[in-house]
Amino acid sequence: MNMTPERWAYTGHYLHDVFGEEPASFARLTEEAARASLPTISIGPEVGRLLQILASSTRGRVALELGTLGGYSAAWIAQGLSPGGRLVTLEADPRHAAFARGQLQELGLAASVEVRCGKALDVIPELARELGPESLDFVFIDAVKMEYPKYFELLHPMMAPGGLLVADNVLGAGDWWIDDEAHPSRREVDRFNRKVASSRDYQSACLPLREGLLVARRTGA
Ligand code: SAH
Ligand code: MG
């Protein structure tokens with residue numbers, strides 16, 4: 001069976017059709033984000049539900065997201081937290097952060113989700129001091145693709161044994177795909193993928209859903 005562009009597009013539509021159900025309030029968030037001219041680069045519902053399932057399969061006490069945008073993926077992750085669990089999501093653009101805060105408030109998630117404005121590489125060390133080592137049950141990486149290897153380096157000591165590290169766009173993003181071997185983002189994401197996959201501290205897999213999701217479980221629990 002050969003993969004053709006048509007077959008790949010059909011597959012994407014099929015997955016969206018069968019697995020892409022979402023709460024009406026989440027669909028509204030997406031509509032309002034488009035109205036507010038936020039970039040249309042958020043995950044879809046088929047990935048969102050996967051994030052919820054994965055987050056809920058951990059202790060679900062402390063979660064971290066890099067790259068909030070309008071808060072769509074944060075809303076899904078928050079559904080997977082344990083009662084009293086908390087998500088911190090980092091966003092460099094103050095306009096995106098403010099939009100996401102408003103939306104999460106409307107969804108009734110303001111108490112469990114904190115949107116922190118700042119660049120991930122600046123804020124992660126702050127959070128490491130605040131939260132302490134081995135504190136993160138669930139991480140979703142979706143900020144600057146060039147920085148993925150550095151994110152992994154900084155986050156590794158913060159991962160709880162049994163915690164899950166998930167990364168979006170590990171097979172591609174808007175302007176590159178994993179076969180564009182010379183693209184700088186592709187190079188760094190490839191470095192990240194290989195680093196996680198070869199680490200003895202993680203069991204890793206990659207799902208070619210949408211633009212590719214890496215799922216890695218910190219061993220030792
Ligand atoms: N996770 C979101 C999409 C994130 S898009 C969702 O699926 O709903 C990537 C976001 O990362 C953008 O909002 C962008 O402003 C933000 N960003 C860019 N550089 C960043 C940085 N250095 N640190 C944190 N966020 C950054
Ligand atoms: Mg993404």
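Any value given below was found using the heavy atoms of this structure, including those in side chains, with hydrogens, waters and symmetry copies removed. We number each residue from 1, following the sequence as shown.
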Would you say the side chain of D175 lies within less than 4.5 Å of the side chain of H183, judging by non-hydrogen atoms?
-> yes
Would a distance-only check, ignoring hydrogens and angles, find a side-chain to backbone donor-acceptor pair under 3.5 Å from T68 to L90?
-> yes
Which heavy atom in E134 sits nearest to a heavy atom in A160, and how many Å separate them?
-> O-CB, 3.4 Å
Nearest heavy-atom approach of S112 to G85 is CB-O, 3.7 Å
Donor-acceptor pair, side chain of T219 and main chain of D201, under 3.5 angstrom = yes
Inter-residue atom distance Y148.OH - N193.CG, 0.5 Å rounding = 9.5 Å
Salt-bridge contact E130-R116 (side-chain N to carboxylate O under 4.0 Å) | yes
Could you check if a side-chain atom of I141 sits within less than 4.5 angstrom of a side-chain atom of F192, using non-hydrogen atoms only?
-> yes
Verify same cluster id: I77, L104 (apolar side-chain graph, 4.5 Å) | yes
Given the rule that I, L, V, M, F, W and Y join up when any side-chain heavy atoms are under 4.5 Å apart, are L171 and I41 in one cluster?
-> no
Can you tell me if S199 uses its side chain to pair, donor with acceptor, with the backbone of K195 under 3.5 Å?
-> no
Kindly compute the distance separating CG (L127) from OG (S135), expressed to the nearest 0.5 Å.
-> 8.5 Å
How about E21: does its CD atom have over 12 heavy atoms from other parts shown lying under 6.0 Å from it?
-> no
Hey, does the side chain of S82 reach the backbone of R59 with a donor-acceptor pair shorter than 3.5 angstrom?
-> yes
Check: V62 main-chain N/O paired with R86 side-chain donor or acceptor under 3.5 Å | no
Say you draw a straight line from CE of M158 to CD1 of I124; how long is it, rounded to the nearest 0.5 Å?
-> 7.5 Å
Should E106 and R28 count as an ion pair when the cut-off is N to O under 4.0 Å?
-> no
So how far is it from L29 CG to E22 CD, rounded to the nearest 0.5 Å?
-> 9.0 Å
Could you go through the side-chain contact (heavy atoms from CB on, under 4.5 Å) check for F140 and I43 one step at a time?
-> CA-CA 11 Å; F140 182 50; I43 56 155; 3.9 Å; yes
Might you work through the side-chain contact (heavy atoms from CB on, under 4.5 Å) test for V88 and V123, ending with a clear yes or no?
-> CA-CA 11 Å; V88 180; V123 184; over 6 Å; no
Would you name the heavy atoms of L69 and E91 that are closest together and state the gap between them?
-> N-OE1, 2.9 Å
Non-hydrogen atoms of C117 and A92 that approach each other most closely = SG-O, 4.0 Å
Are the side chain of Q52 and the backbone N or O of G80 linked by a donor-acceptor pair below 3.5 Å?
-> no
Given L38 and R95, is the side-chain contact (heavy atoms from CB on, under 4.5 Å) satisfied, shown in steps?
-> CA-CA 9 Å; L38 260 62; R95 201 173 75 87; 3.7 Å; yes
Heavy-atom closest pair (S204 atom, A197 atom, distance to 0.1 Å) is OG-CA, 3.8 Å
Rounded distance (nearest 0.5 Å) linking atom CG of L213 with atom CG of D168 = 5.0 Å
Note, V196 side chain near V170 side chain (heavy atom, < 4.5 Å) | no
Please round to the nearest 0.5 Å and tell me the distance separating atom CZ of R218 and atom CG of L136.
-> 11.5 Å
Is it the case that one hydrophobic cluster holds both F138 and L154, taking links as side-chain heavy atoms less than 4.5 Å apart, direct or via other members?
-> no
R186 and W177, any side-chain heavy atoms less than 4.5 Å apart = no
Please work out which of the three classes, parallel, tilted or perpendicular, describes the rings of W76 and Y72, given edges at 30° and 60°.
-> perpendicular
Can you get from V189 to V166 by hopping between Ile, Leu, Val, Met, Phe, Trp and Tyr side chains that sit under 4.5 Å apart?
-> no
Between R61 and D137, is there a side-chain N and carboxylate O pair less than 4.0 Å apart?
-> no
Can you name the closest pair of heavy atoms from K145 and E188 and give their distance?
-> O-CB, 4.0 Å
Any side-chain heavy-atom pair from Q79 and L109 closer than 4.5 angstrom?
-> yes
Under 4.5 Å between side-chain heavy atoms, hopping through other hydrophobics if needed: is there a path connecting M159 to V215?
-> no
Test log, rule side-chain contact (heavy atoms from CB on, under 4.5 Å), inputs F19 and D17 | CA-CA 6 Å; F19 296 98; D17 184 33; over 6 Å; no
